[in-house]
Asker: 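Dropping a structure here in structure tokens format, bear with me for questions.
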Amino acid sequence: MTILTRAEAGQASVSRRKKRLLAFAFVVPLLLFLLLSFVAPIASMLWRSVYHPTVAELIPITLERLGQWDGTGTPEPATLAVFVEELHGLAKERRSGKLAEELNRTQAGMSSMVKSTARRVGRLSPEELQQQGVQTLLDAHRNWSRTETWLAVQRAGQVYTYNYYLTALDLELHPEHGIQARDTEIYRQLYAKTLKMALAITALCALLGYPLAYYLASLPSNRANLLLVLVLLPFWTSLLVRTTAWIALLQTNGVINSFLQGIGLIAAPFEMLYTSFATVLAMTHILLPFMILPLYSVMRGIDPSYLRAALSLGARPLPAFARIYFPMTLPGLSAGALLVFIISVGYYITPALVGGTDGQMISNIIAFHMQSSNNWELAAALGSLLLALILLLYWVYDRFVGAGSIKLG
Amino acid sequence: MDDQAGDRPFLQFRNVKKTYDHKTLVVKDFNLDVAKGEFITLLGPSGSGKTTCLMMLAGFEDVTSGEILIDGRQVTSIAPYRRNIGMVFQQYALFPHMTIRENLGYPLKIRKQSREQIDQQVEQYLALIELQHFGGRYPAQLSGGQRQRVALARALIFNPDIVLMDEPLGALDKKLREQMQFEIKRLHDQLGFTVIYVTHDQTEALTMSDRIAVFDQGVVQQCAPPHVLYERPANLFVADFIGESNKLRGAIEAVEADSVRVRLEDGGLVSALKANCCDLGQPTTVSIRPEKLTFTERLGDAGNRVRARFVTSHYVGEYIRYHFETANGSELVVKNMNDSSAPPLAPGDEIALAWLPQDSQALDGQEAPKPV
Ligand SMILES: Nc1ncnc2c1ncn2[C@@H]1O[C@H](COP(=O)(O)OP(=O)(O)O)[C@@H](O)[C@H]1O
Ligand SMILES: [Mg+2]
């Protein structure tokens, strides 16, 4: 072996670095795009699920004073006076409703209490506010004299909070008992249902897609390509159109019910639309190509001589298929299953359109909190949990199946 | 070889025809008798239907018409997994998700043999192919030659009646290929199975086979032992395909018992063995192997003669190749041992080349035969 001189080695490493820099420069636009469109939104979602300054911005001085309160009895009158003053200001600016809504999340029932109090306090003149503000407050609702109310205000005022995660997991922070389960279980049930439906969709896609992919792979390539276009055709029609087509099919007086009634098979129409059945059905239809494509490309790559070899060795067709062919298609099957499962866990539009309340998935609730109840923080917490759940499932999958075995083509 | 009771061949193809597209016959009237323990090679250019014949025998393609008999029994209606035919595929087709040991044990497991029996036999065959320490590996962890040997052992381990090999050495380099040819022959001698071997490599076919069936355009052109094929090609295609041959065109002038006299295009008269010619006046091609041609002095008056002009020569080592041209432009190649018999030649020199009549064949007249 000859050894390079220092100068030669230096030159080699300089030219190598140059090449690497050039290669990197080519991916910079993509990295920027990913950063802006992918990393940043996820980071902001995670951030928003724990960072919540709204209340702290509405009643900053009250919260500051409450920080010195020892948490027993009621806060000292001076603190109450500051609260009344801030509430007065909010009422004048018509922002007391926001406070009511925020406090209500921490403790149910506080919404009307804050609103009515704000109305009363808002009517006071500055002098009256000075003299009888605190009294007005205490008169407005008896809960203003209770310790829990102020503890709740204190909690609602925290800037950094894991409350939304507790809510997303159907837990709450009890003043005395610490973290405990809520009376009604909403989100956990919804996560379970989402997983169950995603599993059902994945299983259906595999059951329907496997034979079709097998059939396609066994055809001469020109015929297979033609049929593959038919598989891909749904991708060229709008998702919305395909989903609404299912509405036309499934609704009470829709095509299927009319047909079944027409041939006298059933007397009264089935309720199929707005059920989880409808969601699973429509989503299986929509996600089927994601199962077929990786399966097909893996099957195409399997030399027919493997199956022939098994037969020549004396294996009957079915055992030969199960023992030789099927294991060789597993990389495609797991790739397809993973794709379909992960896409369907987070699917939104189809369950929203055909699922009704029964067929809702977790993403619909997240959307609800984003759009209707304006609780972005809870939506962010639910979304983060969904992300964590998928990562966890992927990890489990990797442990037991091995992500390295995935093959998309 | 013929240890069969009676004189019924062990394996028979009878008038077998095959079409894939219902328009053209890929195999046109294939007939072949194979004795038990024989090593038969199907040799032919790519696309001539060799694989198709194997596939029909193994049961992976159906026979368009005709019949295939093993031990006198029609097999065309028997499912592939019942035919007890071992097969070595060109790409080996070792199951990638099974170890070597599992691959070898698979046919035995199917036959419901006991664990111990399987283990013992697998070890025995691993020893046979000298891969004792590789049983736990996966096919991807073996070299090409090793995989080839495993494929061979797997096709043999369940003691099949017939073993089919479809260009089994095609993916190996030259040296390994020669080694494996030797290996396959050794196993064949040791175990005595019947082999149908497919190749497009003539040297491979000549060194390994008991008999060779030369295929072209879906027809067997000649089926004979290697030396017959080489010394007595039945037609121009075989003469051209196997080895190298010089061709002189002419017309039949006289027909005798097993030889003919041919008037060459340049006017000379020669005699040659009768092959697929031979009516008076018909065109014919006389074929002579390059090593049978010599410079006149050595033969005396016994042989045929033709005058040719020296063009060039190539020094190969053990022999020298000389290129000559006859008066009417036919090229002649002479392979002469690298000894003192060679005369000094300069380009343009005209000398007489000679050969013995029994070393030449009068074949069909076409330049390139196209049996349709
Ligand atoms: N499965 C098939 N379908 C249609 N045509 C085929 C098929 N297999 C082989 N052929 C055609 O049959 C001819 C003979 O092929 P093959 O038997 O593979 O020849 P060889 O093995 O001698 O190269 C070729 O022209 C090939 O294109
Ligand atoms: Mg072939």
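Hydrogens, waters and symmetry mates play no part in the numbers below; they use all other heavy atoms, side chains included. Worth saying up front: this structure is predicted, and the values here are computed from it rather than measured. Chain letters run A, B, ... following the sequence lines, proteins first, then strands; residues in each count from 1.
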Asker: Which region of B:Leu94, side chain (C-beta onward) or backbone (N, CA, C, O), has a non-hydrogen atom less than 4.5 Å from a non-hydrogen atom of chain A, or is it both or neither?
Answerer: backbone
Asker: Considering only heavy atoms, give the residues of residues 383-395 of chain A separated from chain B by less than 4.5 Å, sorted numerically, with 'none' for an empty result.
Answerer: none
Asker: Show me the donor-acceptor pairs under 3.5 Å between chain A and chain B.
Answerer:
unit_1	atom_1	unit_2	atom_2	d
A:Leu313	O	B:Arg111	NH1	2.6
A:Leu313	O	B:Arg111	NH2	3.4
A:Arg323	O	B:His97	NE2	3.0

Asker: Can you tell me how far apart CG (B:Leu104) and CG (A:Leu313) are? Round to the nearest 0.5 Å.
Answerer: 10.0 Å
Asker: What are the two closest non-hydrogen atoms of B:Ile110 and A:Ala315, and how far apart are they?
Answerer: CD1-CB, 3.4 Å
Asker: Around A:Phe235, counting heavy atoms of other residues, nucleotides and ligands shown, do more than 12 lie under 6.0 Å from its CZ?
Answerer: yes
